[in-house]
Structures are given as structure tokens and as C-alpha cells.
Q: 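Would you mind keeping the following structure in view while I ask a few things?
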Amino acid sequence: MEVVIASSSTDAGIGCWELQTGAEQLRYKSCASPSHGLTSVGNRFLASSQITSSSSGSILYWSWSKPHVEVRSFPAEPIRPLISNSHGTYLIGGGVSGHIYFWEVTTGRLLQKWHAHYRGVTCLALSDDDSLLISGAEDGHVRVWSLFMIFDDVRREETRHLYEHSFSEHTLRVNNVVVGYGGCNAIVVSASDDRTCKVWSLSTGKLLRNIVFPTIIDAIALDPGEHVFYAGSRDGKIFIAALNADCSSSSSYGMHIIGLLSDQSKAVTCLAFGVDGVTLISGSEDGMVRVWDTMTHNITRIFKHSKGPVNNILVVKQPDSFNLPNTQVPSTKRRGSLVVPPLDKYLDFTDETKDIEAVIAYQETCKRPLDPSYVSFHVMMNHIKEFQKQDSSAATEMDVERLKLECKRSVQMVQQWKKLYENLHQFCVNELLDGVQSGGTNVDSS
Amino acid sequence: MASFDHFINMYDIKLKPRMLRSLMKQHIPDEKHPLQNPTELSTVVSLIKTHRLLSESFDESVNPTHVEEWKSAVDKWVDRLSTLVSSKLPDKCWMGICLLGVTCQECGSDRFCALYSNWFSMLLTHIQALSDSHFVRIACFASISDLLTRKEQWTYCAKLLTFSHRPLFVIMKVETATVSKILSRRCGDTVMKKCAYCLALLTKSKGDEHSWSLMMQKILFTVNGQLNDVFQGLEESKGSEITRFLVPPGMDPPPPLGGQQILESSNQALNMSEQLILSTVSNLMLCCCTMLSTTYPVQVTLPIHALVALMERILMMDGSLPQTLLPFISVTQQENLCMQLPVLHSDTLDLLTATIKQVRSQLLPHAARIIRILTEYFQRCQVPMLRVKVYSIIKILLISVGVGVISQLAHEVIQNASIDLDCGNLEGSGFSCATHSEVITKTLQQSSNRKRKHAGTTRTIEEKQTDVGAELPKIKPPTPIQLKIAALEALEALLTVGGSLGSETWRPNVDCLLLTVAASACNGGWYGEEQNTLFQLTEPMSSCHDLQLAALRALLASLVSPARVRPPYLHQGLELFRKGKQEVGTKLAGFCAHALLALEVLIHPRALPLIDVRTANYVSFDERVNSIFPQKMFSDSKRNNCPISMDQLGISSGDPHADYDELYDSWLGNGDANEIQKSNHDADVIHSLEPQTSREPDAEKLVSSVPSSEAMITDEIEKESATVVPDRATGHKDEIMVEAPNIQEPVATVVALPVVSADSSCANAEKVKISLETSADANCDNVKASSETGVLEHTDPKMVSEKDFSTAKIETLASLSKTTFTVSDSKNQGYVFALNDEPSMDLFPDIVDGDPDSD
């Protein structure tokens with residue numbers, strides 16, 4: 001079931017609508033997330049960062065089936081952007097001080113923490129192979145980190161800087177970063193307060209294109225074919241900017257901008273693509289979530305989230321079993337209540353048990369043991385084959401065993417016969433003797 | 001009555017009990033009759049399986065009397081089996097056990113649930129009795145594993161977790177029995193393997209997290225303990241460290257594997273030879289593998305730190321005496337150990353593979369350590385089969401961990417692969433291999449030298465590397481095909497994952513190496529697949545066919561994987577694939593066809609519009625181009641083998657620059673047009689130099705020198721543009737950028753022309769023009785005339801602009817943008833013109849406007 005999930009910076013909860021039918025699902029309570037602070041952890045549960053004051057914040061978990069918060073963790077500083085890798089094994093959060101925190105979900109351990117930016121981290125993105133992390137910050141930098149490098153203690157000390165690339169062309173705060181398709185060959189698009197969007201190449205680390213917009217862009221969504229990208233602006237318009245597209249027809253909005261989606265709304269704060277690659281979902285400051293058809297440029301649906309601004313939108317495929325709470329009681333019990341520990345606050349260097357264990361997660365393949373492999377039949381066939389071969393030692397061994405037993409039995413039989421014979425013999429002898437004796441007596445008597 | 005009560009059809013339920021009874025009567029002996037012929041058993045089993053005689057599944061509508069009858073028949077069957085299993089005669093017993101295994105698999109859930117524990121104890125007695133015949137034991141393990149498999153499945157379906165806890169004590173007993181089998185080493189190899197498998201399945205059938213982790217801990221603990229004995233005197237004690245990882249300080253060590261008595265008995269047997277201990281270790285590791293690779297209904301924790309440490313301990317043991325310790329082991333002991341070590345390493349590598357596969361993304365914190373172990377092991381390892389395994393692990397790692405590993409692994413993989421691929425022996429493959437291999441060895445040496453300068457800290461590793469490099473050519477054993485295939489696959493993975501990131505240093509070498517290998521593998525003609533059948537008796541051996549396939553796969557990866565320059569060996573590659581495609585009906589031909597398809601995009605880059613009203617026109621145009629060009633290219637390359645043919649090929653095919661370059665350049669519409677040409681420029685310099693003198697020093701110098709200046713220029717320009725950008729006064733520059741990215745269309749080949757001509761003589765430019773004309777000729781009629789002239793006239797302004805650029809390196813921003821304006825403008829019109837199919841005349845004067853710049 002494909003659902004649209006939206007959260008707001010005011011405490012309006014997390015709204016959840018089915019994309020196909022438009023039916024509203026469960027509303028998860030007590031969430032006031034910062035921008036980019038909502039993520040789905042491996043499609044298993046929702047996580048969101050919260051900023052309560054300038055010096056404290058929290059990270060909350062909701063399971064799909066329950067509206068209230070299940071797990072609360074309190075990191076060392078307020079976390080703004082929060083993302084998870086596609087398996088849902090790690091949570092990565094960007095702090096307001098410019099640190100990036102790297103937690104393991106199943107154990108809650110803080111595996112790594114590093115100083116990434118001079119000022120607060122505003123947005124994070126992972127490349128599609130989950131190996132490169134891209135972060136944007138208030139200082140206008142966009143940096144690319146190799147996660148492998150982050151965990152390589154030896155090489156970390158050798159190199160001057162941890163990052164792979166540092167893009168510093170933005171002059172003001174970076175609002176959003178998205179990564180395209182193709183691992184290390186992908187492109188990165190970043191939006192900034194300096195009214196530009198910039199396209200970077202991950203492999204070469206160079207600026208590929210600079211696009212100037214009439215207003216500040218807060219949200220970007222890449223078309224799945226990377227033909228164009230959609231940029232949601234502060235004046236409520238969604239601009240369509242060309243990547244691969246033919247933009248020979250000059251537009252009045254500016255270079256590379258080839259179109260516009262507009263609904264007279266307030267500022268567009270977040271954008272997301274549906275699974276079909278055609279549906280675009282936008283969240284706006286007026287509390288509405290709009291669903292667009294990018295082919296026709298029409299709005300197909302509007303969800304009302306709240307009066308306050310929507311600032312996060314996710315499109316998630318919810319697990320099916322969550323829909324059938326009645327039929328699978330044990331399953332939902334296991335699934336429903338989260339068994340995930342809260343996240344650690346500090347990096348624990350003193351503890352010897354750090355990263356000593358890995359959790360092999362419950363795997364989807366266990367779900368339906370379709371064709372279990374039975375072996376005894378094949379073993380039997382092999383044995384039969386051996387039997388047919390004349391010179392098989394194992395078969396002979398068994399024959400010998402059998403013959404031994406038979407021999408034993410025959411010996412027993414022989415013994416028995418002997419005994420019988422002896423008995424009979426004795427009997428006959430006795431009879432005879434008795435007969436003679438009795439005969440004798442008879443004779444005597446007669 | 002019964003004799004006239006006919007069945008409806010072959011699926012009638014009445015038939016089943018009757019069949020079962022007659023089967024029993026005819027084929028299954030009871031205690032009185034001896035077993036006639038074991039081969040009959042297969043008939044019985046296949047009948048049972050096809051007719052599902054034991055399933056007891058029926059519709060609701062079935063007459064209850066028939067159900068009863070069936071039930072009683074199955075009851076009888078089960079009784080008969082239990083008499084057979086408990087029979088003294090080994091053949092009957094064997095038969096009973098086999099049939100019990102099949103019954104476990106086939107019978108209905110209710111019956112299985114009811115009889116499960118009975119069967120379990122019956123089989124258990126046989127496992128515990130050590131006197132049974134070999135067959136009986138194997139059959140017993142097979143049956144018990146089926147029983148556990150079934151139980152696990154059934155447990156899942158019924159969701160009755162309580163059930164699985166009930167026979168816990170029974171399972172403990174089995175554990176004891178199985179472990180005693182493993183530790184006592186009285187059985188043959190196959191039985192041992194089955195034992196290990198059973199042990200692994202045991203935890204699965206228990207189905208909770210704790211027992212799994214405990215079992216894993218126990219096994220690792222035991223292995224570590226055994227290794228302490230074996231490695232004594234050969235290493236400084238690493239065992240205690242691993243024990244500390246396994247059992248955190250302050251915690252109790254796990255109960256010994258298989259209970260107390262087993263431990264004692266194995267302690268008694270300490271004086272047995274190392275060989276036996278090592279085979280036990282191997283079996284226990286196999287058990288770990290199985291535990292890791294089978295799926296579990298719950299999530300479990302793996303003591304990965306200890307596991308990795310243990311694997312490191314084993315892999316780092318090469319039988320050498322440490323300098324620091326006094327040798328207090330005998331030569332015989334060392335000999336024994338060295339004899340067994342390869343097997344142990346092989347098992348460890350298997351375990352490593354299983355771990356990497358299972359831990360998946362959680363591997364990340366440990367990946368660096370594993371890679372360090374692997375690279376060190378790789379330098380020492382000389383056994384081909386072990387190297388094959390290392391390659392395959394590297395392949396898995398590359399794909400699972402992703403781009404980050406590349407920088408760490410690339411050098412290692414390439415160096416080892418080029419040794420294993422034996423470039424010295426590749427002479428005379430028709431593609432001037434001698435020079436290739438020379439180049440490779442030279443560049444490799446260079447790169448290793450370079451590396452030594454860079455990383456002076458890892459001195460010992462470097463020393464070993466040079467050792468390996470120096471020794472191997474002298475020995476020169478023929479590399480087994482399997483090893484070559486593994487090396488090729490690792491290179492393929494390397495290119496697939498990170499062809500472009502930080503690859504400038506190694507990419508040309510790898511491309512060259514792969515072409516050489518592919519060419520030499522395919523040089524002696526094509527091996528048929530049927531060679532495999534000769535060896536059918538043994539394992540499916542990898543033949544030359546597989547090697548060719550692997551070489552071509554790697555070559556395709558090298559051609560397709562993005563790089564900074566377009567693939568230099570495209571022509572040779574295409575040639576190979578075309579030849580291979582003609583081997584009709586082989587796997588290789590199939591792959592070659594696929595490769596040609598994949599490369600086609602490289603030659604005709606596509607930037608198809610998302611929605612296009614002119615769809616029909618556009619497609620037909622594209623098709624026509626495609627249908628004409630391949631033939632032409634083929635004939636071209638056939639006819640003249642002179643070096644220039646590749647240039648012609650590149651240009652006439654409409655793609656002097658692979659999609660990467662063009663895309664990259666087209667991005668930079670923003671006042672950086674000079675950079676486009678610059679980068680094209682050095683691409684073509686390399687390209688034109690390549691065929692005559694494959695990578696001469698000055699060509700290298702060019703490559704190395706150009707990017708720096710280029711980067712400088714780029715920086716400057718970008719700085720400038722960054723300052724200009726924020727304000728609105730970017731008027732005319734904006735217009736340029738709108739038009740830039742159209743270069744990807746086939747007709748947009750013009751970009752390349754000025755580059756070649758600016759670099760070399762004018763005569764060259766003439767030739768290029770001619771070739772373009774011919775290509776235009778090949779186009780359909782209505783486009784022909786106009787495109788010919790149009791394209792030709794486009795070339796000129798850019799030639800000039802390029803010259804401008806090369807003479808005055810950096811001009812003012814204003815003049816730069818002016819030249820780029822004319823360039824992109826005319827380019828764009830050419831494109832629109834070609835695409836639209838109907839000549840739009842109003843665009844023509846613009847092009848001619850640009851013309852006065854020429855000559």
C-alpha cells in the first residue's frame with residue numbers, strides 16, 4: 001500500500017493518506033518535526049527528529065500500527081535532518097552544531113560522530129547504493145562523505161579531510177540536496193537561499209550547471225528519468241528545470257527553467273515523487289498536500305494536513321501485514337510493538353563491547369518458506385544407486401552386516417536344532433529304555 | 001463387494017488407501033520377510049510422491065468412511081515403518097529410516113504433529129548408537145534434517161511457538177550426540193558434513209534468538225580453543241584476545257559444546273594428531289556457515305568482532321615460525337600443520353563469504369578491517385583455489401559496500417589480477433599485445449612506485465608486494481582458468497561499481513589489460529560449449545568457453561563504465577563482440593549480442609524527450625540512422641586497418657564522445673564553453689595518438705598536464721560566474737545556457753570536428769569533412785542536402801573559437817561569452833534543424849552569419 005506521509009513544524013501529528021484511494025489512515029500523534037526531519041526506517045517504522053529548544057531535542061519512533069510515540073531518544077544536541085539507509089540499519093542525523101551522528105538502529109549505538117560543517121546541518125541524502133552521504137549546511141557547503149571512509153580508523157588518520165568532495169559555490173544556506181541515479185556516477189542537485197539550484201557531478205566533483213530562480217527554492221524532487229527536476233519555491237510555484245530535457249524554447253522564468261506548476265498556494269516546502277514516477281506530491285505552508293500529475297500538470301488530489309505548514313513529505317510502501325491486524329495476531333504483536341532500543345547519546349570509547357556484535361535482522365525471506373529443501377529422498381536415491389553398483393563398499397558393508405546377522409541367526413537355529421535333536425534323542429533313548437524296562441517288567445509281570 | 005466397487009478416475013480418494021496397502025503388501029517387508037530388492041524402494045517413494053498417498057488431504061465433501069479407511073491405511077504404514085526402523089537388520093532399518101524421512105515430508109500436518117516426537121526419539125537412538133552401518137547413519141541424518149525442516153515450516157504456518165520449546169530437552173540430547181560425533185571424528189567426511197548441517201538446523205528448529213547466539217558463541221569458543229592447541233608455538237597468543245571478545249570480562253564462559261562429558265572426552269583425546277583437530281575445526285566452521293546462511297524466523301545477534309578476529313587469526317597463520325619466539329615445535333608438527341592449512345583457509349574464506357552475505361549493510365563498521373585482512377592475505381596467498389575465493393569475496397564486498405571501498409581495493413585488485421591474468425603470456429593475439437603488455441607492466445611498476453612515494457607508512461606491505469612482483473615471473477606456473485575467470489570477475493565488479501570515482505590513475509591500465517586479455521582469449525578461435533561434456537563425470541569444470549565469456553563480460557564493463565575519456569578500445573571491442581556473435585547458439589553469442597546492444601547506446605547517445613508530439617517523426621529518423629550506420633562502420637573497419645580508421649569510425653558513427661563526455665560538457669553551458677572544447681580537446685589528443693603509439697610518454701604528459709590547467713580555468717570561471725550569478729544581470733548568458741545541452745543528438749558531432757582540426761593539420765580537417773559528407777549521404781534523402789551543408793558550415797566558427805582559445809589562453813569574460821554565444825547558437829540551430837525534419841528556412845541565415853569567421 002503506497003501511502004503519503006506528511007508532518008508539520010507545528011504539533012499537528014503525522015498525517016497518512018493512501019495515495020491511490022485518498023483514504024486517510026492513522027494519524028500519528030505529537031510530532032513537530034523540522035524540515036527533513038522525518039524518515040521511514042527500512043519501511044518498518046517512522047522516525048522523526050524534534051527540536052524542543054535551542055539546546056535540546058529528541059528523536060521519536062512510531063510503529064505503523066499505533067498512533068502514539070513508542071520510543072524516545074535524546075541525542076546530545078538537537079538533530080534537524082534525519083535519514084535512514086534503505087535497509088533501515090542506520091539512522092543518520094545532522095546536528096545544529098554541524099556534527100553528523102551515525103546510529104545503528106537495532107542496537108541504538110552511536111557508531112560514529114564527526115564534525116562535518118561549521119554551522120548547522122540542514123539536509124542529508126544518501127546515494128542509491130547507500131555508500132555516499134551528501135550533506136548540506138547553513139554555511140552554504142555541500143559535502144560528500146564516503147561511509148566506508150568514516151569507519152576506516154587507519155585511513156581516517158592519514159587523510160587531511162574526511163570528505164570526498166566539498167562544494168562551496170553556494171553563498172547562502174543550503175536548503176535541500178537530492179541525489180540522482182547511478183551510484184558514484186550520479187548527479188547531486190542542491191537548492192540554496194541564494195536563489196540558485198546547482199547540479200554537481202559526484203564522480204568528478206565539479207559544478208555541472210547553475211540555475212538561477214526568481215525566488216528562493218526550498219524543495220527539490222528529481223524526475224525518476226532525470227529528465228527534469230522540480231523545484232518548489234517560496235512564492236508557491238513549482239518550477240520545472242531542465243536536466244536532460246530539451247529546453248530550446250526560451251521561457252520567461254529564466255535559463256533552464258522550462259515550465260511551472262502553480263496552484264496559488266503559499267510557499268512549497270517539500271516535494272516527493274510517487275512510485276509510478278509520474279505523480280508528484282507537494283507540501284505547502286498553507287497546510288495542504290497536493291498531488292500532481294506531471295504529465296498533464298494537473299492536480300489530482302488535495303489532502304488537508306493542518307492549519308500549520310507542512311514541511312516533510314514521504315511516500316512509503318507500508319507493509320501489508322499491518323493492514324490485517326486481526327488475522328495475524330502473533331505477527332502484529334511482534335511487529336506492532338517496537339523492539340528497538342533508544343539511540344545512544346554519546347560515542348562510547350571506553351566500552352569494550354563497542355561494535356562487537358552485529359544483528360542479523362529478521363529477513364523477509366523467512367516469511368514464506370515456499371519450497372523447503374528435503375534431503376532424505378536424494379540420499380535414498382544415492383544409496384539405491386550404490387546398491388546397484390556391485391563393488392560399492394558401503395553397500396557391501398550393509399550386506400555383510402546382514403549376512404552376519406543371518407549367520408548368527410543360522411547358528412542360533414543350528415543350536416536350536418541341535419538341542420531339539422538332543423532332546424529328541426534323549427527322549428527316544430528314554431522311551432526306549434523305559435520301554436525296555438517296562439517291557440522287562442511287563443515280561444517280568446507277565 | 002469391494003471387487004466391484006470401481007473408482008471414478010485416477011484421482012479418486014478411494015484409490016489412495018488401496019494403493020498404499022498394496023504397496024505395503026508388495027514392496028515393504030515386515031519383520032518376517034526379508035528385504036528383496038532395495039531398488040524397489042524408489043518405485044514406492046515415487047508412487048507415494050506422485051499420488052500423495054500419505055497426505056490425507058481431501059475436500060469436505062468426501063465420504064467419511066473413505067477418510068477413515070485412508071487414515072487406517074496410513075496408520076498401518078506408520079506402524080510398519082516403526083517396526084522397520086527398530087529392526088536389527090541393517091537393510092530393513094535403512095529402508096525404514098529412508099521412508100521415515102519421506103514420510104516426514106509427505107504426511108499431513110496433524111499426523112506430523114502427533115508423531116513428531118516419536119519419530120524424533122526413534123531416529124535419535126540410531127544417531128546415538130555408534131555401531132550402525134554407514135548407510136544407516138547417513139540416512140538417519142538426512143531424515144532428521146528433513147524432520148527438522150518440516151517442523152520448522154510447520155511451526156511457522158501454525159504460529160504455535162510454544163510447540164518448539166517442548167522438545168527442548170530432546171534437542172539438547174541431539175546436540176550432545178551430534179557434537180560427540182563431530183568431536184570423536186570416527187565418521188567419514190560426508191557423515192561429518194551432515195552432522196554439521198544437522199547441528200546448524202537444530203538451532204533453527206528451536207527458533208529463538210538466544211539459542212542461536214549461544215550455539216554460535218559455543219562453536220567459536222570451541223574453535224578458538226582447538227586452535228590454541230594447534231597453533232601453539234607458531235604465534236603469539238591471540239586466542240585470549242578472541243576469548244575476551246567472545247566472553248566479555250565479568251561474564252561466565254558458555255557451557256562447553258555438547259555438554260560436560262564431551263569436553264572431558266575430547267580433553268582426553270588431546271594427544272590425537274593435529275590433522276584430526278583441524279578437520280574438527282573445519283567441520284565446526286562449516287556448521288557456522290550453515291547457521292549463518294540459513295534463514296531464521298527471528299533476528300539474531302552475531303558476535304562479529306570475535307568472528308572477524310578469529311578469521312584473521314586463521315588467515316594470518318601461514319605456518320611460519322615467528323622471529324620473536326623460540327622454536328619449540330617439531331618439524332613434523334609444522335609439516336602437519338602446513339599440510340592442513342590450505343583447507344583451513346578455504347573454510348575460513350567460506351565463512352567470511354557467508355558472514356558478508358548475511359550481515360549485509362551492518363558490515364559497514366567492520367568493512368575496513370576485513371579489507372585490511374583480505375589485502376594482506378592476498379599478498380601472501382599462492383594457492384590458486386584460495387585466490388579464487390579471495391577474488392569472489394572482493395567481488396561481493398565491492399558490490400555490497402559500494403563506492404567507498406574502491407580507493408582501498410583498486411590497486412590491490414589490479415595488481416593481483418594482472419599477475420594472475422598473466423599478461424606476459426599473451427603474445428601474438430593480433431592486437432599488438434606485446435606493446436600492450438609492456439605498457440601494462442611498465443605502468444604497473446610506475447603505479448606501484450608512485451604508491452610507495454605516497455604511502456610510506458605501510459612499508460612492510462610494500463615490501464611484500466615487490467616480492468610477489470619479483471618472484472612470480474620467474475616461477476611462472478600456468479594460471480588455472482578458474483583463477484583467471486575469478487580475476488576477470490573481480491575487475492568487472494571494480495569497473496561496475498566505481499568506474500569513474502577517482503579512477504584516473506588506474507583506469508587506462510585496466511582498460512588496456514582487459515582488452516588484451518579478451519583479445520588473447522578469443523584469438524585462437526571460439527571454444528564450443530560442448531567441451532564441458534567431456535568432464536561431466538567430475539564437477540562442472542570451467543572451460544575456455546567460460547574464460548572467453550568472462551573476458552568479454554569484463555571488456556563490456558570496461559567499455560560501458562563511465563570514464564573521463566571515451567573508451568579508447570571501442571573499435572577493437574566491437575570487433576570482438578561482432579565476431580563472437582557469429583558463434584550461433586552458444587552462450588557467448590548471446591552475450592555478444594547483448595554487449596552490442598549495450599554499446600549501441602554509446603555510439604548513438606540518446607536523450608529522448610519525455611513527451612514528444614513529434615514522436616513518430618523522431619523515431620523514424622533515428623531508426624533510419626541506426627539501420628544504415630552499423631553496416632557502414634563494419635565495412636569501414638574491415639577495409640582499412642590503418643590507424644586512422646578508428647578516427648573515421650568515431651566520427652562517422654556520429655559519436656566522437658561517449659555519452660559521459662557530452663553530457664558533462666553540455667551541462668556546462670554556463671559561460672564555460674571553452675572548457676567543453678578544452679576537455680574534448682584532450683580527449684581527442686589521446687585518441688588520435690592511441691592507435692599509432694599506444695600511450696607514449698608525451699601523451700601521458702598531456703593527460704596529466706591538461707587537467708590541472710583545466711581545473712584552474714574552471715575554477716576561475718566558476719568563481720566569476722558565481723559572483724555574477726546572484727544578480728539578475730545575466731541576460732545574454734542565460735540564453736546561451738538554454739541552448740547548450742542539445743549536443744547529444746547524432747547530428748551534433750560538430751563538437752569534435754574543430755578539435756581534431758585545430759590540433760592536427762588542415763588536411764586532417766578536410767578528411768573529416770569528407771567523412772561527414774559520406775555519413776550525411778547515408779542519411780535519408782530529404783535531410784541529406786541540407787544537413788550536409790548545414791553541418792559543414794557549423795564547423796568553422798568553432799574552429800576559430802578553438803584557435804582563439806588556444807592562442808590567448810584566458811581572455812576577458814566578455815569576449816569569452818561572445819565566442820561561446822556564436823558557438824552554441826549555431827550548434828543549436830543545427831540540431832533543431834536536423835531534428836525537425838522539415839527544413840526551417842528562417843534559421844539558415846543565422847548559420848551563414850557565423851560563416852565569415854571561417855578560413
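Residue numbers begin at 1 in each chain, while the letters A, B, ... track the order of the sequences.
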Q: Using non-hydrogen atoms and a 4.5 Å limit, figure out which bit of Ser131(A) sits close to chain B: side chain, backbone, both or neither.
A: both

Q: Is the shortest heavy-atom distance from the side chain of Pro365(B) to the side chain of Gln112(A) under 4.5 Å?
A: no

Q: Can you tell me which portion of Leu147(A) sits under 4.5 Å from chain B's heavy atoms? Options are side chain, backbone, both or neither.
A: both

Q: I'd like to know which of Gly402(B), Gly404(B), Cys98(B), Ser213(B) tops the heavy-atom pair count under 4.5 Å against chain A.
A: Gly404(B)

Q: With heavy-atom distances below 4.5 Å as the criterion, would you say the side chains of Phe151(A) and Arg369(B) are in contact?
A: no

Q: Mind checking the CD1-OG1 spacing from Ile384(A) to Thr43(B)? Nearest 0.5 Å is all I need.
A: 7.5 Å

Q: Examine whether an atom of Asn85(A) lies under 4.5 Å from a heavy atom of chain B, and if so say whether it belongs to the side chain, the backbone or both; otherwise answer neither.
A: side chain

Q: Between Val154(A), Leu132(A), Val400(A), which residue shows the highest count of heavy-atom pairs closer than 4.5 Å to chain B?
A: Val154(A)

Q: Nearest 0.5 Å, please: how far is OG in Ser400(B) from CG in Asp129(A)?
A: 10.5 Å

Q: Using the side-chain contact (heavy atoms from CB on, under 4.5 Å) rule, take Ser407(B) and Arg155(A) through it: C-alpha gap first, then chi angles, then the decisive distance, then the call.
A: CA-CA 11 Å; Ser407(B) 54; Arg155(A) 273 179 65 219; 3.1 Å; yes

Q: So what's closer than 4.5 Å to chain A heavy atoms on Lys92(B): side chain, backbone, both or neither?
A: neither

Q: Which region of Met381(A), side chain (C-beta onward) or backbone (N, CA, C, O), has a non-hydrogen atom less than 4.5 Å from a non-hydrogen atom of chain B, or is it both or neither?
A: side chain

Q: Closer than 4.0 angstrom, basic N to acidic O: yes or no for Arg372(B) and Asp152(A)?
A: yes

Q: Is it the case that atom NZ in Lys357(B) sees more than 12 heavy atoms from other parts of the structure closer than 6.0 Å?
A: no

Q: What pair of heavy atoms forms the shortest contact from Met380(A) to Ser42(B), and how long is it?
A: CE-CA, 4.4 Å

Q: Side chain from CB out, backbone as N, CA, C, O: work out which of these in Leu202(A) comes under 4.5 Å of a heavy atom of chain B, or both, or neither.
A: backbone

Q: What's the verdict on side-chain contact (heavy atoms from CB on, under 4.5 Å) for Phe148(A) and Ile371(B), showing C-alpha distance, side-chain angles and the deciding distance?
A: CA-CA 11 Å; Phe148(A) 176 78; Ile371(B) 283 174; 3.6 Å; yes

Q: Atom CD of Gln362(B) and atom OG1 of Thr107(A): how far apart are they, to the nearest 0.5 Å?
A: 7.5 Å

Q: At a heavy-atom separation under 4.5 Å, does Ile97(B) approach chain A through its side chain, its backbone, both, or neither?
A: neither

Q: Below 4.5 Å, heavy-atom pairs only: which of Val403(B), Val405(B), Leu99(B) has the largest tally toward chain A?
A: Val403(B)

Q: Could you report the tightest heavy-atom contact between Tyr90(A) and Leu363(B), atom names first, then the distance?
A: OH-N, 4.1 Å

Q: So for Val497(B), is it side chain, backbone, both, or neither that comes closer than 4.5 Å to the heavy atoms of chain A?
A: backbone

Q: So how far is it from Leu364(B) CG to Asp130(A) CG, rounded to the nearest 0.5 Å?
A: 9.5 Å

